[in-house]
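Take a look at the structure set out below.
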Amino acid sequence: MKKMNPATRFKMFMLLGCLMGLSLCMVIAPVWETTDANTNNSNPTPPHSPPPSTVPVSRTPHASQNTAQQNHQNKQCTKRDIRIAETKDQYVCSYMKSLARPEGGPGCVVDCDGFQGKCSVLTAPTQSDLATADAVIYHPGRKLPVVKGNEKQWSVMWYGESEEKHPEMYEERNLKKYNAHVIYKKWSRYRFSWTQRFRKDFENLESVKKKWIPWRDRRAAVAIVSNCKYHTTNRTAVMEEIDKLLQKLSNGKEKLYMYGSCHPSRGKDSIRAEHPECKVKSDKDRYKEKLCVMRHYKYAISLDNSRDGGYVTEKVYHALLAGAVPLYAGAPDIFDYVPLPSAILPVPTSKSLVPLVSEMLAADTPPQQTEWWDKPFSPAFIENMNLPNSACTICKDIACGDAS
């Protein structure tokens, strides 16, 4: 007699059990089906389901945001103008310079596709503006702000620092104060990226490239760093080691030129001494000065101060738009935030830097990292570059919330 396999014996046993009562059959039926499916499938379904979302409950949208989003999807939005007031810093409009058009007074009007009203951001609001605005933007510092406003007014957290650096800002007690969170986190409906800020520059790359200095005429490397107090990428130690190795391996012909308040090369005015042509009249133009300086170097230190996913700051984009290769350490998903995965030279912060510096000194012609200059951008980069405008999404959601 042919020997029964374990699954068949199990079925026979259960069949006998059915004779004892219908309720037992109802209990064992699901077990029977599961056993049969797993026995006859050479590639059984993994026993563990995908892990649940790691996003805390407090990090889901505010109740009013949920209502507005649902109404917006159902196209039940009112047609009216939305006014967003900024409490301090006045940088929202400048941050969205490639997305917004200026208004008569201090502020801007954001062009929003599909929004029937006018979406305005007031950067120097009066007390009356703050009291009557549809939303108020708060830029939290180390001390958590007291969020005030009328019952219908939205409170918006607009914050660009990393959770790794300031975890208190991302704690439940703080996040619950706001209707919307304009942050770099992927779970936020109002997420922003620094890629988005430089969209216009990347879209007009051919014009940007006209200002670049030929590769052969550039010095080896530069670092323009003003914050040495906090970083998990060993920024200071990396800079010092790269400088040491550049001088050693080039027999003193090259070095790391370090500008800014963090380890300046030749004192406070080192940029003006080395690159007088880059001098600017106002501190507001410091980024123009930075780009001008970077164009004279092949490689640029672009170490972010945190290793938080999605936290990719302006440092890497300044290097790219100056035609320099970013020496990068920071976000583990950096490759989604640069034109091509090959566009950066990763810095091994826990290993010897000799291979890295040797590669830098050997680059007499533009290396592989510069192939993005003449190739299509990656889909992930394009997606991050074209994220929805946060202010527009807020205006739309508030207008849609009116219809609830």
Side-chain angles (χ1 to χ4, degrees), residues 95-99 160 162 184-186 191-225 233 287-288 290-349 356 359-360 362-390:
Y95 179 86
M96 299 186 299
K97 61 183 179 181
S98 64
L99 306 172
S162 72
Y184 66 94
K185 294 288 188 178
K186 292 182 179 179
R191 178 170 78 100
F192 74 87
S193 73
W194 279 268
T195 325
Q196 182 184 28
R197 182 176 185 179
F198 294 99
R199 185 184 74 182
K200 186 175 181 180
D201 297 301
F202 283 107
E203 288 178 342
N204 295 281
L205 185 61
E206 292 305 314
S207 177
V208 171
K209 288 164 66 174
K210 292 178 181 178
K211 299 180 181 180
W212 291 356
I213 293 174
W215 186 266
R216 64 180 179 275
D217 297 332
R218 298 185 179 212
R219 298 172 179 176
V222 65
I224 304 178
V225 182
T233 52
Y287 291 122
K288 292 182 179 179
K290 184 177 180 180
L291 288 174
C292 177
V293 170
M294 283 187 167
R295 295 186 193 112
H296 293 80
Y297 299 86
K298 298 175 181 178
Y299 295 87
I301 296 290
S302 305
L303 307 182
D304 275 321
N305 59 27
S306 299
R307 297 181 181 276
D308 205 355
Y311 186 72
V312 180
T313 67
E314 75 285 350
K315 299 173 185 64
V316 69
Y317 302 114
H318 287 159
L320 290 170
L321 292 171
V325 174
L327 300 175
Y328 187 81
D333 53 353
I334 176 62
F335 302 111
D336 292 339
Y337 293 85
V338 289
L340 290 177
S342 61
I344 64 167
L345 188 55
V347 176
T349 55
L356 174 82
E359 181 177 344
M360 293 167 58
D364 294 327
T365 57
Q368 179 188 4
Q369 288 81 17
T370 63
E371 65 179 0
W372 72 271
W373 294 357
D374 303 301
K375 288 189 176 183
F377 299 155
S378 73
F381 177 75
I382 293 175
E383 179 181 350
N384 281 306
M385 191 169 59
N386 291 286
L387 288 176
N389 184 304
S390 302

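Computed from heavy atoms alone, side chains included, the values below leave out hydrogens, waters and symmetry copies.
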| field | Residues which pass side-chain contact (heavy atoms from CB on, under 4.5 Å) with I382, listed by chain and number, not counting sequence neighbours | value |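 In terms of side-chain contact (heavy atoms from CB on, under 4.5 Å), with neighbours along the sequence ignored, I382 is linked to F377, N386.
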| field | For P332, side-chain contact (heavy atoms from CB on, under 4.5 Å) partners two or more places apart | value |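 If we apply the side-chain contact (heavy atoms from CB on, under 4.5 Å) test to P332, skipping adjacent residues, there are no hits.
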Taking all non-hydrogen atoms of both residues into account, name the closest pair between [X] and [Y] and its distance.
X: S193; Y: Y337; answer: CB-CE2, 4.2 Å
X: A324; Y: Y297; answer: CB-O, 3.6 Å
X: R218; Y: G323; answer: NH1-O, 3.1 Å
X: F202; Y: M385; answer: CB-SD, 3.8 Å
X: W212; Y: L320; answer: CZ2-O, 3.6 Å

| Please walk me through it: do E206 and K209 pass salt bridge (Lys or Arg N to Asp or Glu O under 4.0 Å)? | CA-CA 5 Å; E206 292 305 314; K209 288 164 66 174; 3.4 Å; yes
Side-chain contact test, heavy atoms from C-beta onward, threshold under 4.5 Å: evaluate it for [X] versus [Y] and give yes or no.
X: Y328; Y: V312; answer: yes
X: I344; Y: S302; answer: no
X: M360; Y: L345; answer: yes
X: K375; Y: L340; answer: yes

| task | Over 60° means perpendicular and under 30° means parallel, so classify the ring planes of H318 and F198, tilted if in between. | result |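 The rings of F198 and H318 stand perpendicular, inter-plane angle above 60°.
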| Do S342 and Q368 pass the side-chain contact (heavy atoms from CB on, under 4.5 Å) test, and can you show the C-alpha distance, the side-chain angles, and the key distance before you say yes or no? | CA-CA 7 Å; S342 61; Q368 179 188 4; 4.3 Å; yes
| Are the ring centres of F381 and F335 closer than 6.0 Å? |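 So the answer is no for these two rings.
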| said: For the aromatic rings, using the six-membered ring if either is Trp, is the centroid distance between Y311 and W194 under 6.0 Å? | reply: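 So the answer is yes for these two rings.
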| said: Is a donor from one side chain sitting under 3.5 angstrom from an acceptor on the other, for Y317 and T195? | reply: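 Short answer, yes.
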| task | Report yes or no: do T313 and D304 form a side-chain donor-acceptor pair below 3.5 Å? | result |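 There is such a pair between these side chains.
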| message | Run the salt bridge (charged side-chain N to carboxylate O under 4.0 Å, His left out) test against E383 and tell me which residues pass, sequence neighbours left out. | response |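 Testing E383 for salt bridge (charged side-chain N to carboxylate O under 4.0 Å, His left out), a comparison that skips the adjacent residues, returns none.
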| side-chain contact (heavy atoms from CB on, under 4.5 Å) between R191 and K185, worked out | CA-CA 6 Å; R191 178 170 78 100; K185 294 288 188 178; 5.8 Å; no
| request: Mark yes when over 12 heavy atoms from residues, nucleotides or ligands other than K211 sit less than 6.0 Å from its NZ; otherwise mark no. | output: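 Not buried by this count: 12 neighbours or fewer within 6.0 Å.
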| task | In plain terms, say whether K186 and D333 are close enough for a salt bridge, that is, a side-chain N and a carboxylate O under 4.0 Å apart. | result |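 Yes, this pair counts.
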